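Quick caveat: nothing in here was measured; it's all calculated off a predicted structure. The sequence lines fix the lettering, A, B, ..., with proteins before strands; numbering per chain opens at 1.
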Protein chains: 2
Amino acid sequence: MPRDTLTRDQIVQTAIELLDADGLEGLNMRSLGKRLDSAATAVYWHVKSKDNLVVLAGDQVWDEIELPDPAAVGWRAAATSMATDLYAMLTRHPWLVQALASHLFHGPAKARHDDHSLAVYETAGFAGAEADQAAATVFMFVLGNALGESATAALTRRLSRDGGDAEGVIRDTMARATEVAMRFPRLRARIEAAPVADYGAAPDNSFAFGLRAILDGLEARLAARRVGRDAR
Amino acid sequence: MPRDTLTRDQIVQTAIELLDADGLEGLNMRSLGKRLDSAATAVYWHVKSKDNLVVLAGDQVWDEIELPDPAAVGWRAAATSMATDLYAMLTRHPWLVQALASHLFHGPAKARHDDHSLAVYETAGFAGAEADQAAATVFMFVLGNALGESATAALTRRLSRDGGDAEGVIRDTMARATEVAMRFPRLRARIEAAPVADYGAAPDNSFAFGLRAILDGLEARLAARRVGRDAR
DNA sequence: GCCTTGACTTGAACATTGTGCAAGTAGCGA
DNA sequence: TCGCTACTTGCACAATGTTCAAGTCAAGGC
């Protein structure tokens, strides 16, 4: 019987679980070791550093995104599906957004996603650099949305970790935020219109609204180009 | 002569300088203390914790953004100006993006910005929740773009801190990234078209392209609504 | 002019965490 | 059985956030 030995995949998998549960600063080598039934430093045989591990984990999760066939469902449906899937993935793994802000990711799983994203916008009719820019536009929008999500996830994690008076802290945070907002006319109006504000998230349906608007804008650009070409 | 004593503003100001220079993980209480000519722990009299300090610093910088008058320059120019200014600000302070991913910000300076942003989109013709959603769309897009910027800033900082073979590491990183990308047809085509790729940033002009597309999309929505109303 | 009070400052600690290193151990081929 | 390679372990150190008791300075009342 072979000694059961750690594998890199196993480590990355466990790291993802830990990251999902405790966030980026919740992951530490000692608890990772405990979860793997090994010494903390055993991990260093398989992985260069904690940063390296996070990058590995942060590539892995891109494989969770489905790649719809734009030829089958239409480019717009495909783009919407990919954006929505990506948003969901980033919401499942809020630590990834934090990691994206401090590390460069160039792993194969992300490359697979990026390549397909390009395919979708090329199917739509964008060529060369424009496909790139169109894809980047939607991508950046999704990233921004996920960033807000990541912050609230971090807050609730901090609260549940510090235990105790989570409700109180939230109420306090909201009260403080509301007090500041009330000094500005439009923010005040918004609060008075919807008094049950969440603590700082994006407005309802903002993601769907924004995505539609962006795709509309891209579609208009395509149409304009087509007209230009037809008139030639 | 009064003893010269620390002030909260002075601390926040110095923290911002340090954050700009060394990034979020480069800021530590001891070097902050040294820069302030005081003991590291003196700061704790004025500020609850490091997190708290970062939130304070992270609100301050929103005041750097100019607020154009949409009635004077037109809503679209105003929106473009605010988005561009915000992007520039986030690029000047890349740590803020990281902070945004892990903390909620509800300070007065950000509120001032948000309120004016709403004003711009209300001037454009969006009412109530729609103004909110339109503003959020552009905001999220800018945030996403800044996130990429933040990651490359963090990399170059890490490189210059670790000193030594920065060029080598960059070349190495790029080589590795390229090697992965070459396995995917569209990424490969992109690389072959523009062999002097930067290490993972957004495509050229992507920000301007995307912003235009988004504003086009929003404008179309306004026009559609206006037509609907006129037809009534 | 002294003294009390409260606003700050300091230095010494402690806990947590990433990581290097030398020594150990298990399995496998010879 | 020997030894080699692939891993694992425990110890240790350095960096860093934070606490706390003790100090120090300035201003106001007497």
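- Between the CZ atom of A:Arg8 and the P atom of D:dC7 there is a distance of 12 Å, rounded to whole Å.
- Scanning for ring pair (Phe, Tyr, Trp, His ring centres under 6.0 Å) contacts around B:Tyr44 gives an empty result, with sequence neighbours left out.
- At a threshold of 4.0 Å, the pair A:Asp20-A:Arg92 does not count as salt-bridged, since none of the basic side-chain nitrogens sits closer than that to a carboxylate oxygen.
- Spacing between atom CH2 of B:Trp45 and atom C1' of D:dC25 amounts to 14 Å, rounded to whole angstrom units.
- In this structure, B:Ile11 places its CD1 atom 12 Å from C1' of C:dT9, rounding to the nearest Å.
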Exercise for the section: Could you encode protein contacts along nucleotides 10-19 of chain C as a string, one character per nucleotide from 5' to 3', using B for base contact, S for sugar-phosphate-only contact and - for no contact, with a heavy-atom cut-off of under 4.0 Å? Expected result: BBBB---BBB

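- Ion pairing between a basic and an acidic side chain is recognised when a charged N comes within 4.0 Å of a carboxylate O; A:Asp22 and A:Arg157 show no such pairing.
- The distance from the CH2 atom of A:Trp62 to the CG atom of A:Leu90 is 6.0 Å, given to the nearest 0.5 Å.
- The phosphate of C:dT9 has OP1 or OP2 within less than 4.0 Å of a side-chain N or O from B:His46.
- For A:Arg188, the salt bridge (Lys or Arg N to Asp or Glu O under 4.0 Å) test picks out A:Glu192, with sequence neighbours left out.
- Look at CG on B:Leu24: it is 13 Å from P on D:dT16, rounded to the nearest Å.
- Separating the CG atom of A:Leu36 from the P atom of D:dT9 is a distance of 10 Å, rounded to the nearest angstrom.
- Distance, B:Leu32 CG to D:dT18 C1': 14 Å, rounded to whole Å.
- Note: B:Met140 CE to B:Ile214 CD1 = 11.5 Å, rounded to the nearest 0.5 Å.
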